[in-house]
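First listed ligand is number 1; within each ligand, the first listed atom is number 1.
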Amino acid sequence: MAIQRTFSIIKPDATRRNLTGAINAKFEAAGLRIVAQKRIQLTLAQAEAFYAVHSERPFFGELTEFMASAPIVAQILEGEDAIRKNREVMGATNPAEAEEGTIRKEFALSIGENSVHGSDAPETAAVEMAFFFSGLEIAG
Ligand code: CMP
């Protein structure tokens, strides 16, 4: 597997509890390099645009209001097999099902307030990276 990039978000529940560094340490320990990173607060419209694929889900309102409720940290992570590796480090969406040592097992509060987002495939990674970052903002 070649070097790959994936998109990651540290969510409002984690930034509120000052967990950015602890979560970044997990990424780095797993061999993922943070090649771009910025802390921003999304508007509700921006959160709705980012999660548009979920617009028909019953939790869409809750999800987008939560994502706009406090700052997030948007990131690009790079490494060998980065998409799969990041999903492994994050753990299952529902923290009750996440494995020991994963970010969600250690830090997530609930299925909604689950501390991190990570792209699920190369196509979504490309779209999500472009949503948040221009070429000039990626260090390599
Ligand atoms: P994420 O990887 O950011 O992608 C979509 C998000 O929807 C997911 O993480 C969860 O945080 C959220 N989500 C999924 N299922 C539920 C649910 N049943 N209730 C609230 N939020 C959910």
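- Closest to atom 4 (O) of ligand 1 among all protein heavy atoms lies Y51 CE2, 3.7 Å.
- Looking only at heavy atoms of the protein, atom 6 (C) of ligand 1 is closest to L63 CD1, 3.8 Å.
- Comparing V53, I111, N94 by heavy-atom distance to atom 10 (C) of ligand 1, the nearest is I111.
- How far CD of E88 is from CG of N86: 10.0 Å, rounded to the nearest 0.5 Å.
- Between Q75 and the choices I9, N24, L32, the side chain to side chain contact (heavy atoms under 4.5 Å, CB included) rule is met once, by N24.
- Remark: the R16 side chain and the S69 side chain contain an N/O donor-acceptor pair separated by less than 3.5 Å.
- Within 6.0 Å of CG on L136 lie no more than 12 heavy atoms contributed by other residues, nucleotides or ligands.
- Two rings, from F60 and Y51, have their centers 6.0 Å or more apart.
- Polar contact with ligand 1: absent for T93 (N/O pair, distance under 3.5 Å).
- Taking distance alone, with nitrogen or oxygen atoms compared against 3.5 Å, N114 approaches ligand 1 more closely than that limit.
- Here the heavy atom of the protein found nearest to atom 9 (O) of ligand 1 is K11 NZ, 3.2 Å.
- Scanning the protein heavy atoms around atom 5 (C) of ligand 1, the nearest turns out to be H54 NE2, 3.5 Å.
- Here E113 has no heavy atoms under 4.0 Å from ligand 1, in either its backbone or its side chain.
- Note: S8 OG to I76 CD1 = 10.0 Å, rounded to the nearest 0.5 Å.
- With ligand atoms numbered from 1 in the order given, ligand 1 contributes 11 (O), 20 (C), 21 (N) to contacts under 4.0 Å with heavy atoms of G112.
- Contact annotation for R104 and ligand 1: only side-chain heavy atoms (C-beta onward) come within less than 4.0 Å of the ligand.
- Of all the atoms in ligand 1, the ones that sit under 4.0 Å from a non-hydrogen atom of E62 are 20 (C).
- For the pair K38 and F132, the cation-pi test (distance below 6.0 Å, angle within 45°) is failed.
- The closest donor-acceptor contact from the side chain of R87 to the backbone of I83 lies at 3.5 Å or more, if one exists at all.
- Comparing F66, F50, F59 against atom 17 (C) of ligand 1, the shortest heavy-atom distance belongs to F59.
- Not a single N or O atom of V116, backbone or side chain, sits closer than 3.5 Å to an N or O atom of ligand 1.
- Summary of contacts: the protein heavy atom closest to atom 1 (P) of ligand 1 is H117 ND1, 3.4 Å.
- Taking the charged nitrogens against the carboxylate oxygens, R104 and E99 have no contact shorter than 4.0 Å, which rules out a salt bridge.
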